[in-house]
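Only one structure is covered here, and it is reproduced in the block below.
A quick note: this is a predicted structure, and the numbers were derived from the prediction, not measured. Residue numbers count from 1 along this sequence.
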Amino acid sequence: MDLVGACRAFVSVTERGSFTTGAAAARMSQPVASRRIAALEELFGERLFERTSRRATLSSFGRDMLPAARRLVQAADAMLHEAETAKRKPWRLAVPGNCSTGSLARLIADAQDQAVILDLHTGTPAQRMELLRSQQVRAALITVPADEATWSVPLGLAGTAACRVRRVYLATLRAGRACPDPVRKVWIQPEDDVPHIRDPLTRLRDALGLRPVQLAIAADLTNAIAEVLRTSDLLLCSAAQADELGLDWRPIGEITLSRGYSLAAAMDVNSQHVQERLGSAISRCLGPVARTATPHAVVAV
C-alpha cells in the first residue's frame, strides 16, 4: 500500500473534519481517500475514525496515531522538495576554452531539454583537470589520444589564403638557408598543447627539416588567430573552428591528427549516466566528430 498517500489522506481529513473537503485538499477524490484510510485501518487493525458521526471524528487510536502520521507526511514533503531543488541545481562541467559562444549556448539548451541545468567552466586541458581535482566541477571533458576517446575531432591547418589543394603539406613550409625571416609558422593553440598532438608534430617538423620556430605554441587562442590574420601563418584547428573564424581549412598531408575527448567525473558522479543523457549534446558542442566510440568513462581520484 501507499503508506505516505494513506497518511496524507488521514491527516487532511482530520484537519478539515470531512472526508469530502479533506480529500479535495489532499488532491484526491473522496472514494480514493476513503479507500486509503480503510487500508491504513486494516494495516493497524484499529479504527482511525468514529463512524457514528456525520463529521470525521477521530477515534482514541486515531488521536494517538495522528502526530506520527503528520511527521511522515512532512518528511515525505521535505524529501520531494529536496529532490526538486537537487534537479534544479546547476551541474558544473569543465569544457574546452576554444568552444564558441554559440556552441556552448547550444550545449546548455540541449542539456535543459534533458532536464539538466549546466554551469559551464571553460579552460585549457590542464585547467580543466585542476578544476576536477579541486572539486570545483563535477565533471570535465579531458583530452586523450584519439584511439582512447569517446569523441574525436579531426584537426588540420587553416589560413587566410584560399587553398586549391586538398591537403596542406608541412614540407611546403620549408625555407632555404638563404630565406630571410620571417618564415611561415604553424600555431598550436592551448587546447592542442598536449603530448599526443604536440609531440608528433614536433617530430614531423624535425624530420622535414623545418626550423624550430616554425612550430609555435600560442599563449592564448586570440593572439594565435591575430598572427594568422596578419601573416601567411597557419593555425592548427578543427574545420568547424576555421569556419567560425573565416579561415580556409585543409587536412595535413603528412600526418593525421585529432582532438580526443573523454568525460572524467568525480567519484560521486555516475559518468555513464551523464554521458547517456548529454553525449549527443557534447558531440554537437565539440564540432563534427570523426566517430563516437564506445564510452570511455573516467573517474577522478
Side-chain angles (χ1 to χ4, degrees), residues 1-93 107-121 132 134-140 263-281 295 297 299-301:
M1 65 173 290
D2 180 2
L3 183 58
V4 173
C7 287
R8 192 180 300 280
F10 170 44
V11 170
S12 187
V13 168
T14 299
E15 290 176 344
R16 287 156 183 84
S18 165
F19 273 79
T20 301
T21 57
R27 298 183 179 179
M28 63 184 74
S29 67
Q30 188 271 329
V32 169
S34 296
R35 286 197 300 271
R36 288 183 173 179
I37 290 173
L40 200 57
E41 289 177 328
E42 183 178 354
L43 176 67
F44 294 149
E46 293 284 349
R47 292 276 189 180
L48 294 170
F49 292 98
E50 300 292 349
R51 298 300 197 266
T52 58
S53 173
R54 297 182 62 183
R55 286 182 54 81
T57 304
L58 284 174
S59 66
S60 175
F61 178 76
R63 285 192 295 273
D64 289 341
M65 294 304 299
L66 182 60
R70 280 198 176 110
R71 289 195 297 272
L72 179 60
V73 171
Q74 290 168 355
D77 288 343
M79 178 176 286
L80 291 172
H81 175 73
E82 289 296 327
E84 287 300 316
T85 300
K87 287 193 293 186
R88 293 193 300 270
K89 184 179 179 180
W91 209 85
R92 298 187 302 278
L93 174 67
L107 174 57
I108 292 173
D110 288 342
Q112 288 178 341
D113 289 340
Q114 298 295 322
V116 178
I117 299 175
L118 286 181
D119 178 15
L120 300 180
H121 296 249
L132 187 62
S134 60
Q135 299 184 1
Q136 296 181 61
V137 296
R138 299 186 68 190
L263 184 70
M267 291 294 292
D268 63 338
V269 176
N270 185 339
S271 58
Q272 184 174 356
H273 176 65
V274 174
Q275 205 153 269
E276 289 172 354
R277 298 181 69 182
L278 298 181
S280 296
V299 179
V301 178

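In this structure, Asp110 and Ala281 approach most closely via the heavy-atom pair CB-CB, 3.4 Å. The two residues Leu132 and Ala266 come nearest to each other via the heavy atoms CD1-N, 4.0 Å. In terms of heavy atoms, Arg16 sits closest to Ala25 at NE-CB, 3.0 Å. Taking each heavy atom of Arg36 and Met1 in turn, the nearest pair found is O-CE, 4.5 Å. Residues Ala139 and Leu263 share a closest heavy-atom pair of CB-CD1, 4.0 Å. Nearest heavy-atom pair, Leu58 versus Glu50, reported as atom, atom and distance to 0.1 Å: O-CG, 4.0 Å.
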- For Arg8 and Asp2, what are the C-alpha separation, side-chain angles and deciding distance, and is it a salt bridge (charged side-chain N to carboxylate O under 4.0 Å, His left out)? CA-CA 10 Å; Arg8 192 180 300 280; Asp2 180 2; over 6 Å; no
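Residues Val13 and Leu48 form no side-chain contact, since every pair of their non-hydrogen atoms from C-beta on lies 4.5 Å or further apart. Side-chain contact between Glu15 and Arg70 is present, with heavy atoms from C-beta onward closer than 4.5 Å. The closest side-chain heavy-atom distance from Leu66 to Val11 is below 4.5 Å.
A distance of 6.0 Å separates OG of Ser29 from CZ of Arg35, quoted to the nearest 0.5 Å. In this structure, Leu278 CG and Trp91 CH2 are separated by 7.0 Å, a value rounded to the nearest 0.5 Å. Glu41 contributes atom CD, which lies 9.0 Å from atom CZ of Phe61 (distance to the nearest 0.5 angstrom). Atom-to-atom distance recorded for Arg63:CZ and Thr57:OG1 is 9.5 Å, nearest 0.5 angstrom.
Under a cut-off of 6.0 angstrom, the local environment of CD in Gln135 is sparse, with at most 12 non-hydrogen atoms contributed by other residues, nucleotides or ligands. The number of heavy-atom neighbours closer than 6.0 Å to CE of Met79, taken from other residues, nucleotides and ligands shown, is 12 or below.
At least one donor-acceptor pair closer than 3.5 Å links the side chain of Arg277 to the backbone N or O of Gln114.
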